[in-house]
Novice: 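Quick one: the structure is below, and I'll ask about it shortly.
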Amino acid sequence: MSKIVLIGAGGVIFAQNFLKDILTDPELRTHEVTLMDIDAGRLANAVAVAGLIAAKLGIRFTPHATTDLREALNGANYVITIFRSGTIRHQELEYEIPMKYGVDQVVSDTLGPGGIFRGLRTLKDLFEVLEVMEQECPGAYLLNYVNPMSMNTIALSRRARTVRVAGLCHSVQHTSRQIAEWTGTPYEKLRFLAAGVNHMAFLLKLEADGQDLYPKLRACLDRPEIYKKEKVRFEILRHFGYFPTESSGHNSEYLPYFRKRQDLIDRFCRNDFPEVDENGIDWNSMSAGVSGASVQICRGLQIRNEKQIAGYLDGSREIDLASSVEYGVQIIAAIEKNRPLAANLNVMNRGLIATLPPECCVEVPCLVDGGGIVPGRIEDFPEQLAAIDRGMVGAQILGAQGALDGDRRAIFHAIAADPNTQSKLGLDEIRSMTDELFDALADVIDPRFSR
């Protein structure tokens, strides 16, 4: 019997999805499951929700719950990290300080000044998880969902000795389902090949019934009801020939073309499909690319999640038992049952995409079965896409190196390599902005970065 551990189990969306995926699998639910969170109250809620899911399924389930990391990881086989480091105030600083210098961000969880410093915040905690895993469960799988995915995967993989690291995201699953809807294709008929860098992978192959679906997808450029929801992504398709796997709001941050002037922001990153709730939160602002939208969305998510949990606990809200699209539990099931699974995962490159640096992190199709995770090599990755991704991976490699070494200069170089920052600032301005971020976030990053 294997041991599955959720670190950050007090969250709502991911934790609930993984608990459902485990408990609806007759074999996996017999394995040992441990829920860990540093917040005892949130952890108690997670245990209660797990009990409600089990009751609805008519089964008995008693997970082990603890606020002690070492206790949680002792003897683990699979560790899924889904926690949030720091607070919304730290996220605000990662938006506000760059914005003061003219670097306009939307999400800042992957790249840019905010993304690099989020990486420093999260890696401080992820390194602790990794080190305890090396002591308490050497050789276990670390399945990480915490952003910035690429920077974190590089740093964790380079620091790991026996632990097997993979980064997991759901952008490929969600995008493929969007495309099926837009093109009127039953999802089970969709055949695709996606590869590149996390949040900027591309659909290299897109077919149904043996027919290329790209003509139907390109036709959406002339369908305003679809184009307005993904203006940046459709412009990338228009000019580079392939469709990327993350929302327009994210993509607008990774390139120098969309956020360097206000007229471009107004044209490509305006929200033309708002969805405003009773709390004044526009849930579509982030996917559209509205400046600073992630901070507002995260505030709204906190409110919504608290209401959702309260509803589950008082019985006014029903728990949906439908399986999630997340790869996490699917990977565990494939390994435990020796049943093949194809999944797009984030792993070290090392020649998987030959035209990208070997020490970067790539998102490629992987075969998962009883032998573990085997990444697939991508032949003939289009050079124009490699050029886009090379603009991201330099910053990610430098950011990971800086996090590993506690090197302020490497972090400055990482931010200076960011395409969005390059489009706005000179080097002296970048250095001043970087120093200000170090000062503002000193309490949540490695103390080696202190002057």
Side-chain angles (χ1 to χ4, degrees), residues 4-22 33-39 42-43 46 69 72-73 76-86 91 107-111 115 118-119 121-130 133 140-157 160 163-175 197-201 245-247 250 286 294 297-298 301 305 323-335 341 343-348 361-364 366 368 373 396 400 403:
I4 304 167
V5 182
L6 302 184
I7 306 294
V12 176
I13 299 172
F14 277 116
Q16 179 185 307
N17 281 336
F18 292 134
L19 286 168
K20 288 191 300 183
D21 291 345
I22 291 170
V33 177
T34 293
L35 308 181
M36 185 270 165
D37 201 285
I38 61 173
D39 187 313
R42 291 167 65 87
L43 183 61
L69 180 64
L73 294 176
N77 300 94
Y78 307 96
V79 177
I80 303 178
T81 43
I82 50 176
F83 58 78
R84 176 189 177 95
S85 296
Q91 185 179 351
V107 190
S108 58
D109 70 347
T110 301
L111 207 63
R118 178 179 288 207
R121 287 196 285 121
T122 60
L123 281 167
K124 181 182 177 184
D125 296 327
L126 283 169
F127 284 157
E128 181 183 0
V129 172
L130 179 65
M133 286 183 68
Y141 284 95
L142 173 54
L143 306 177
N144 175 54
Y145 274 90
V146 184
N147 281 321
M149 182 55 63
S150 294
M151 180 174 159
N152 288 348
T153 301
I154 295 168
L156 290 169
S157 298
V163 170
R164 291 171 281 189
V165 177
L168 283 67
C169 183
H170 48 225
S171 59
V172 171
Q173 300 98 297
H174 288 176
T175 293
V197 174
N198 179 242
H199 286 187
M200 190 62 91
T245 57
E246 188 48 84
S247 72
H250 281 84
M286 189 167 75
S294 180
I297 293 289
C298 286
L301 281 172
N305 292 346
S323 298
S324 78
V325 300
E326 302 295 346
Y327 286 135
V329 175
Q330 295 179 47
I331 289 171
I332 297 171
I335 295 172
L341 167 73
N344 278 78
L345 306 178
N346 293 275
V347 295
M348 294 296 285
C361 171
V362 291
E363 189 170 76
V364 294
C366 297
V368 187
I373 297 172
Q396 292 161 349

Novice: Looking at OG of Ser324 and CD of Gln16, how far apart are the two atoms once the value is rounded to the nearest 0.5 Å?
Specialist: 10.0 Å
Novice: What distance separates Glu246 CD from Thr110 OG1, expressed to the nearest 0.5 Å?
Specialist: 7.5 Å
Novice: Report the residues that fulfil ring pair (Phe, Tyr, Trp, His ring centres under 6.0 Å) with Phe18, sequence neighbours left out, ordered by chain and then residue number.
Specialist: Tyr145
Novice: Provide the closest heavy-atom pair for Cys366 versus Ile373 in the form atom of the first, atom of the second, distance.
Specialist: CB-CG2, 4.0 Å
Novice: Provide the closest heavy-atom pair for Thr245 versus Ser171 in the form atom of the first, atom of the second, distance.
Specialist: O-CB, 2.9 Å
Novice: Side chain to side chain contact (heavy atoms under 4.5 Å, CB included), that's the test. Do Arg84 and Cys298 meet it? Break it down for me.
Specialist: CA-CA 11 Å; Arg84 176 189 177 95; Cys298 286; 3.9 Å; yes
Novice: Just wondering, do Thr122 and Pro148 contact through their side chains at under 4.5 Å, heavy atoms?
Specialist: yes
Novice: For the CD1 atom of Ile38 and the CG atom of Asp125, what is their distance to the nearest 0.5 Å?
Specialist: 7.5 Å
Novice: Do any N or O atoms from the side chain of Asn305 and from the backbone of Gly11 form a donor-acceptor pair under 3.5 angstrom?
Specialist: no
Novice: Sequence neighbours excluded, which residues qualify as side-chain contact (heavy atoms from CB on, under 4.5 Å) partners of Ala46?
Specialist: Leu35
Novice: Could you walk me through whether Ile154 and Met348 pass side chain to side chain contact (heavy atoms under 4.5 Å, CB included), step by step?
Specialist: CA-CA 7 Å; Ile154 295 168; Met348 294 296 285; 4.1 Å; yes
Novice: Is there a side-chain contact between Phe14 and Ile80 (heavy atoms, below 4.5 Å)?
Specialist: no
Novice: Between CG of Asn144 and CG of Leu345, what distance do you get to the nearest 0.5 Å?
Specialist: 12.0 Å
Novice: If the condition is side-chain contact (heavy atoms from CB on, under 4.5 Å), which residues does Asn346 pass it with, not counting sequence neighbours?
Specialist: Met149, Thr153, Cys169, Asn198, Cys361, Glu363
Novice: Would you mind reporting whether Gln396 and Val197 have side-chain heavy atoms less than 4.5 Å apart?
Specialist: yes
Novice: Picking from Val163, Val146, Leu126, Thr81, what satisfies side-chain contact (heavy atoms from CB on, under 4.5 Å) with Leu156?
Specialist: Leu126
Novice: My understanding is that only residues two or more places apart in sequence, or in another chain, count here; which of them pass side chain to side chain donor-acceptor pair (under 3.5 Å) with Ser157?
Specialist: none
Novice: At their closest point, which heavy atom of Ala15 faces which heavy atom of Leu6, and how far apart are they?
Specialist: O-CD1, 4.4 Å
Novice: Test of understanding: with side-chain contact (heavy atoms from CB on, under 4.5 Å), list the residues that count as partners of Leu341, not counting sequence neighbours.
Specialist: Gln330, Ile331, Ala334, Ala343, Val368
Novice: Does the pair Leu168 and Glu326 meet the rule for a side chain to side chain contact (heavy atoms under 4.5 Å, CB included), with working shown?
Specialist: CA-CA 8 Å; Leu168 283 67; Glu326 302 295 346; over 6 Å; no
Novice: Report yes if some heavy atom in the side chain of Val79 is under 4.5 Å from a heavy atom in the side chain of Met133; otherwise report no.
Specialist: yes
Novice: State, yes or no, whether a side-chain contact exists between Lys124 and Ser85 at a heavy-atom distance under 4.5 Å.
Specialist: no
Novice: Search all heavy atoms of Leu123 against all heavy atoms of Ala403 and return the closest pair with its distance.
Specialist: CD1-CB, 3.6 Å
Novice: Can you tell if the side chain of Ile7 reaches within under 4.5 Å of the side chain of Leu69, non-hydrogen atoms only?
Specialist: yes
Novice: Does a side-chain heavy-atom distance below 4.5 Å link Met36 with Phe83?
Specialist: no
Novice: Just how far is it from atom CG of Asn344 to atom NE2 of His170, taken to the nearest 0.5 Å?
Specialist: 13.5 Å
Novice: Listed by chain and number, what are the side-chain contact (heavy atoms from CB on, under 4.5 Å) partners of Asp109, not counting sequence neighbours?
Specialist: Val107, Arg118, Asn147, His199, His250, Tyr254
